[in-house]
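Just so you know, ligand 1 is whichever comes first in the structure, and atom 1 is the first atom listed for that ligand.
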Amino acid sequence: MDRTRYDAFVRTFFDCDPKEITQIFSELLDAMRAEESLPPGHYLSQNYDTAQANPEIHVLPGNLKDARDAVFPYFWGTDGWSSPLHLENVRGPANYASLIGAIACLLKNPNLCTDSYSQRSNELEVKAITALANLVFYHTVDPWGIFTVGGTISNLYAAKIGIEKVVPGAMRTGLRGERVAGIVSEAAHYCAHTIAGWLGLGTDNLHEIPTDRAMAMRLDLFAAKLDELYTQGVKVAFAIGTFGTTDAFGIDDLAGMRTILEDKAAKYGVPVPQLHADAAVGWGLGFLNEYDLDKNVLQLTPELKPVVAKVQQMCKGLRVADSVTIDFHKTGRGHYPSSAFIVNRKSDLKYLARSKDDTPYFPEADSRRDPALFTLETSRPGLGPYTVMASLNGIGLLGWQMLMARSLELADLLKRKLAKLDYCKVLNADTCGASVVWWVLPKGRDAKAIFDKLEAGQLSPEETTRYLTEIRRLYNKRDRTLDPARDARLSFTTEMGYRPGGVTVPAWKAVFYNPKTDEAIVDRLIESIEEVA
Ligand SMILES: *Cc1c(COP(=O)(O)O)cnc(C)c1O
């Protein structure tokens with residue numbers, strides 16, 4: 001080996017050159033800021049054809065600028081979601097406290113699989129998990145958890161614990177031909193299907209319970225479903241209550257679900273299924289738990305105070321869950337991936353535990369500190385703990401309360417403005433969250449009356465199709481004609497979570513996750529609706 005050549009190459013890629021790195025970093029920052037001065041959207045269109053046909057690798061070793069150039073066109077052309085006009089979905093711009101945490105993490109690149117590969121970063125994970133656990137479970141005694149790559153995987157952990165509770169030893173023996181089921185609401189995230197499929201239950205054994213008008217699971221139907229399944233000898237492994245549905249922010253009554261689960265399990269003499277709270281979106285409401293509405297230091301308006309009071313009431317439900325999913329990369333405006341799976345009682349992790357014999361790479365492993373003994377993943381990134389602790393403590397409780405309350409304030413404002421238009425109908429008036437789903441029909445139609453008729457089963461299939469088509473057509477019309485520099489970007493959901501009479505209901509959707517969105521943007525949104533209707 002030509003050592004001179006080799007040593008020069010190693011210096012370029014493995015010596016830290018702060019000057020070179022900070023220069024490239026500041027170039028990327030400048031480019032990002034230039035891009036952010038443009039209206040949101042796609043700045044360079046995609047070129048998928050060549051991405052596949054021509055994935056060339058340079059021949060000769062280059063330098064860090066080559067690394068920059070290799071990714072730059074894709075960096076420019078990826079929207080960082082910083083524009084306040086982005087209202088499409090449960091996604092905000094990442095906060096900069098999270099960036100500081102992320103950079104610190106990337107510089108050390110810990111692997112959270114075991115203590116010896118991550119040292120104090122594992123301690124940080126314990127701290128971040130406990131901080132989040134206290135927020136949702138409130139004064140909990142013995143929580144434990146880990147960061148995963150997303151809400152889907154966090155929910156999968158809960159389902160797996162449930163399977164082990166009702167089919168003990170399934171990790172080793174499989175489901176042994178048992179019929180094993182899971183239960184969610186019709187408004188739950190579709191990932192429940194992914195989980196049922198991947199865990200071997202089969203999606204046919206995932207049961208979706210209809211919701212009420214507030215997009216919350218109908219408890220009478222939940223109880224009836226449990227009777228039906230237990231009578232047929234089916235083992236019910238888990239029930240997932242959604243705390244904040246992705247489209248409409250419906251919240252399932254977890255306390256009610258808990259009572260029913262325990263009653264039915266006692267009646268049929270079976271183990272109580274895992275009660276999991278999918279709070280991927282809704283967990284952040286927990287920041288408002290201790291907001292003192294009498295002192296009202298944030299000067300929340302009289303309209304908003306009852307909304308916050310309702311939020312405080314709803315958050316109590318989380319305390320009875322066995323486990324919870326928290327997507328910090330959603331409501332925490334943190335970097336991906338930072339989803340947390342947390343059990344209320346650490347002892348529940350025994351259902352996932354493997355013995356040291358099953359993890360031969362880690363002979364030194366100790367289950368107290370080495371998550372690899374129970375995690376699905378082996379290598380795990382440290383971004384979750386770093387971005388979460390940096391964000392939690394950088395922003396502070398009052399900062400989080402401001403962020404959450406502002407989302408509620410703008411959602412509430414839009415709901416009230418839409419309620420004044422005859423041809424519009426707010427579909428999630430009874431939920432309290434950051435999202436608004438609604439109908440826009442042509443001027444002259446009475447949207448509220450049409451919705452009432454749909455609920456009462458008084459619309460013919462033809463009428464239903466006609467109205468639902470009009471809602472889509474007007475959405476498309478606005479989408480085609482919007483001014484990207486002025487008009488908020490919305491999204492359209494084909495199924496907002498409540499199916500009156502079994503009809504899947506589409507809706508316009510706006511989610512207030514961008515801290516810079518303001519009243520003027522809401523006013524302009526209303527104006528644009530008046531223009532297209
Ligand atoms: C987004 C979401 C998920 C999936 O989370 P990912 O982090 O995207 O995997 C699960 N449940 C709910 C309620 C969600 O909103």
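With hydrogens left out, the protein atom closest to atom 5 (O) of ligand 1 is D327 OD2, 3.1 Å, a heavy atom. With hydrogens left out, the protein atom closest to atom 12 (C) of ligand 1 is D278 OD2, 3.4 Å, a heavy atom. Of the protein's non-hydrogen atoms, K330 NZ, 2.9 Å is the one closest to atom 14 (C) of ligand 1. Closest protein heavy atom to atom 6 (P) of ligand 1: G151 N, 3.2 Å.
Close approach of ligand 1 to G150 is summarised as follows: ligand atoms under 4.0 Å from at least one heavy atom of the residue are 7 (O), 9 (O). Every atom of ligand 1 is numbered from 1 in the order shown, and the set under 4.0 Å from a heavy atom of C191 is 10 (C). Listed by number with element, the atoms of ligand 1 under 4.0 Å from a non-hydrogen atom of V281 are 15 (O).
Polar contact check, T246 against ligand 1: a nitrogen or oxygen pair lies under 3.5 Å apart. Between T152 and ligand 1, an N or O atom pair is found at a separation short of 3.5 Å. The shortest N/O to N/O separation between G244 and ligand 1 does not fall below 3.5 Å.
Checked against a 6.0 Å centroid threshold, the rings of H329 and Y336 count as neighbours. Taking the centre of each ring, F451 and W439 come in below the 6.0 Å mark.
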Checklist entry - Does the side chain to side chain donor-acceptor pair (under 3.5 Å) test come out yes or no for E455 and Y498, once each step is laid out? => result CA-CA 10 Å; E455 257 192 330; Y498 171 44; 2.5 Å; yes
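Listed for the Q401 side chain is a donor-acceptor partner under 3.5 Å among the backbone atoms of F287.
Heavy-atom contacts from other residues, nucleotides or ligands closer than 6.0 Å to CZ of R213 number 12 or fewer.
Cation-pi geometry between R380 and F147 is not met at under 6.0 angstrom from the ring centre and within 45 degrees of the axis. Within the cation-pi definition used here (under 6.0 Å to the ring centroid, within 45° of the axis), R472 qualifies as a partner of F492. In this structure, R319 forms no cation-pi arrangement with F137, as its terminal cationic atom is not both closer than 6.0 Å to the ring centre and no more than 45° off the ring axis.
Within the structure, the closest approach of V90 to ligand 1 does not fall below 4.0 Å when heavy atoms are considered. Ligand 1 lies out of reach of S339, whose nearest heavy atom is not under 4.0 Å from it.
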